[in-house]
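A short write-up of the structure that comes next.
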Amino acid sequence: SQPAAKFDVAPSYHSESIVGALQKSSTAITVNTKFSREVQVEITRDDISRQLLESEKHLNHIDDFFLHTSEPGLLSEGAWDFLQGAKRDGRIRRIGFAGDGQQLSKARADFRFEVFQSTFSIVDQGNFGILRAIESEGRGLQLKRVLGSGLLSKRPLARIRNAIAPTSPYSYRYRLERLESHLKSFGQLLVRDFIQFVTEAFPEADLVVGVSDAEGLREIQRELTQLVYGSPSIIRRLDCSQVIDLWSSLFSGTPAEIPE
């Protein structure tokens, strides 16, 4: 199945109101939000309730609600009961965990988490093993930073090649050869090749578009416009709500119609 594109927001990103405004104009927008805090102490029912209520002030609908960068075991039974009730009431669709490494492994052991979000790209494959295990269990999987936090869309191929560890568990030499051949023929790299690398590794995963603030959303818009159309002059003719069409066109290979 073709991967879906989702917006990834959080109160700490100061982005819920930005994407919430887009939800009002498009039913195609799917949004996740997160509970996160730096202090590693027990997370109570009231903690989760307050944040979910605050998120609902900005977002018309919440798809997945993630515990983010916290030890999974800190989620109290009261917090779990509240989240499961919120799911039954239709306030959220799924309960998830977002993180990497050992935290991700710990969360996988708790089957109350239905969906997981983590990083994966051709230059960041450290979570490959645990992500493959999650996928094999039939649980939800979302991948973020699939362009290496901008590395793959902004750097020369030589620097990309150097960033890929020789011991990467999922590193296709033919993919690099294909990219090099493309570079010689056309003088540029296609971001679709990097996205295809990710979607071939995890065919059922959703890809996540992270939004930190209004300028972050506009930066996504600018980059996708250049990648899809190859023309910065088009930027002036696009508004933020059309970033969804641009992102989706990267998967389908068919550029979205340029608005007049």
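Residues take their numbers from the sequence shown, with the count starting at 1. Atom set for the values below is all heavy atoms of this structure, side chains included, hydrogens, waters and symmetry mates excluded.
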Examine distances only and state if a side-chain atom of [X] and a backbone atom of [Y] form a donor-acceptor pair shorter than 3.5 Å.
{"X": "Thr119", "Y": "Lys144", "answer": "no"}
{"X": "Asp47", "Y": "Thr44", "answer": "yes"}
{"X": "Glu135", "Y": "Leu141", "answer": "no"}
{"X": "Ser136", "Y": "Ala133", "answer": "yes"}
{"X": "Arg108", "Y": "Phe116", "answer": "no"}
{"X": "Asn127", "Y": "Gly101", "answer": "yes"}
{"X": "Arg45", "Y": "Ser76", "answer": "no"}

Between Gln142 and Asp64, a side-chain donor and acceptor under 3.5 Å: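 There is such a pair (donor and acceptor under 3.5 Å, judged by atom type) between the side chains of Gln142 and Asp64.
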Polar side chain donor-acceptor pair, Glu16 to Ser55, under 3.5 angstrom: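 Yes, Ser55 and Glu16 have a side-chain donor paired with an acceptor closer than 3.5 Å.
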Aromatic ring pairing Phe97/Phe113, orientation class (parallel under 30°, perpendicular over 60°, tilted between):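 Phe97 vs Phe113 ring planes: perpendicular.
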Aromatic ring pairing Phe202/Phe128, orientation class (parallel under 30°, perpendicular over 60°, tilted between):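 Judged by the thresholds at 30° and 60°, the geometry between Phe202 and Phe128 is tilted.
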Joint hydrophobic cluster, Phe66 plus Leu207, side-chain heavy atoms closer than 4.5 Å: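 Different clusters.
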Row check, Phe65 ring normal vs Arg91 NZ/CZ: under 6.0 Å, within 45°: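 Geometry flag: not set, cation outside 6.0 Å or 45°.
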